[in-house]
Amino acid sequence: MGDLSLVTIIIIAVNVIISFKGFKDRAFFEKYKFNVGDIKAGAKYQIFSSGFLHVDTSHLFVNMLTLYFFANVVLSFLGSVGFIIVYLASLILGNLLSYFFHKDDLNYTAVGASGAVMGILYSAILLRPDMMLGLFFIIPIPAYVFGIGYLLYTIYGMKKRLGNIGHDAHFGGAVGGFVITMILAPWIFEQHLLMVILLAIPILILFVLQKAGKI
């Protein structure tokens, strides 16, 4: 947490501008949202563009607030370029995982920066696993415990199709942040090897469940 950096301000501004355009212009929203049928028909740009649209102001606010909380941790370790790489790669990987799980459902649609924001969150957890997070903004828990627990919950959400939430995009974004951060900051293997292993467990669980046809 702390003062907003220029790169964070720019990303928040882009999300706000594009989201509000989508709120007011239904044709714009429909053209750029994530839609499996459209993507299969050639609108591959939706894998990227949908990450800057939101359903409503509450959806937008929660994503941008979460980004604000964790952006400076990633920026302080990886710099502006690394931060942008993690953000955009997580956005794309989140939507690619969503596409993988819904490729046969031509009517599946989604919007939101959640995949990108989850990538920043998990990058921050990997860089600073000693951080304390507030569960429900009240109960303090170590960042890595939250990270592992949330990924396990996300797998459960994917399996049970819980709510109108893109659990697969969240998971893909988190994996994106996890992997890209390790590539950009290989020193993590030396300093936080146990955290790398622990955070990798839910990823392996998802892989095993998918291979077994249980998700």
Side-chain angles (χ1 to χ4, degrees), residues 15 18-19 22 29-30 32-56 58-60 62-67 70 85-126 144 146-183 198-215:
N15 272 279
I18 294 176
S19 291
F29 185 88
E30 292 295 324
Y32 292 106
K33 72 180 181 181
F34 181 101
N35 181 291
V36 172
D38 289 349
I39 293 169
K40 283 197 168 186
K44 303 293 191 296
Y45 58 84
Q46 291 182 354
I47 292 172
F48 180 76
S49 64
S50 60
F52 295 93
L53 289 167
H54 289 81
V55 172
D56 52 34
S58 297
H59 186 206
L60 173 64
V62 169
N63 275 336
M64 295 305 99
L65 181 64
T66 305
L67 179 64
F70 298 100
I85 290 171
V86 170
Y87 186 92
L88 295 180
S90 299
L91 186 161
I92 293 168
L93 287 171
N95 281 339
L96 285 176
L97 187 68
S98 188
Y99 182 80
F100 174 78
F101 279 105
H102 298 280
K103 60 183 178 293
D104 295 324
D105 182 359
L106 299 183
N107 295 316
Y108 182 82
T109 63
V111 292
S114 300
V117 172
M118 289 301 292
I120 294 298
L121 169 58
Y122 276 80
S123 177
I125 290 173
L126 199 54
Y144 71 91
F146 172 85
I148 296 166
Y150 188 80
L151 284 184
L152 291 174
Y153 165 76
T154 301
I155 292 173
Y156 177 76
M158 291 168 68
K159 187 174 175 60
K160 298 293 185 180
R161 309 271 182 180
L162 293 179
N164 188 27
I165 300 171
H167 295 288
D168 29 45
H170 289 189
F171 195 97
V175 172
F178 177 75
V179 172
I180 300 300
T181 300
M182 289 191 293
I183 292 171
L198 291 175
L199 285 169
I201 290 173
I203 299 172
L204 293 174
I205 290 173
L206 178 66
F207 178 78
V208 170
L209 288 175
Q210 194 277 325
K211 284 294 183 183
K214 297 185 180 297
I215 194 168

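Note: hydrogens, waters and symmetry copies are ignored here, and every other heavy atom, side chains too, is used. The shown structure was predicted, so the numbers you read here are calculated from the model rather than taken from an experiment.
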Please report the C-alpha distance between F101 and Y108 in whole Å, then the side-chain angles of each, then the deciding distance to 0.1 Å, and finally whether the side chain to side chain contact (heavy atoms under 4.5 Å, CB included) criterion is met. CA-CA 10 Å; F101 279 105; Y108 182 82; over 6 Å; no

Kindly indicate, with the supporting measurements, whether the criterion side chain to side chain contact (heavy atoms under 4.5 Å, CB included) is fulfilled by L199 and I148. CA-CA 6 Å; L199 285 169; I148 296 166; 3.9 Å; yes

Does the side-chain hydrogen bond (donor to acceptor under 3.5 Å, both in side chains) test come out yes or no for N35 and T109, once each step is laid out? CA-CA 4 Å; N35 181 291; T109 63; 5.6 Å; no

Apply side chain to side chain contact (heavy atoms under 4.5 Å, CB included) to residues F70 and I125 and explain how you reach the verdict. CA-CA 9 Å; F70 298 100; I125 290 173; 5.7 Å; no

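Distance alone, capped at 3.5 Å, places no donor-acceptor pair between the K33 side chain and the V111 backbone. Remark: the backbone N or O of I47 is paired with a side-chain donor or acceptor of N95 at under 3.5 angstrom. For T154 (side chain) and F171 (main-chain N/O), no donor-acceptor pair under 3.5 Å exists by modelled atom type. Side-chain atoms of S50 come within 3.5 Å of backbone atoms of Q46 as a donor-acceptor pair (strictly under, hydrogens ignored).
Y87 approaches A113 most closely through the heavy-atom pair OH-CB, 3.7 Å. Of all non-hydrogen atoms in I203 and F178, the two that sit nearest each other are CD1-CD2, 3.7 Å.
Distance CG/N15 to NE2/H59: 10.0 Å, rounded to 0.5 Å.
Not counting sequence neighbours, Y99 has no partner by the ring-ring contact (aromatic ring centres under 6.0 Å, His included) test. The ring-ring contact (aromatic ring centres under 6.0 Å, His included) check on F100 picks up nothing, with sequence neighbours excluded. Evaluation of the side-chain contact (heavy atoms from CB on, under 4.5 Å) rule for I85 yields V81, I180, L184 as partners, not counting sequence neighbours.
Taking the six-membered ring for Trp and the full ring otherwise, Y45 and Y32 have centroids separated by under 6.0 Å.
A heavy-atom distance below 4.5 Å is not found between the side chains of N107 and V36. Within the 4.5 Å cutoff, the side chain of V175 has no heavy atoms near those of the L93 side chain.
Only one option out of V86, T181, L151 pairs with Y122 in a side-chain contact (heavy atoms from CB on, under 4.5 Å); it is L151.
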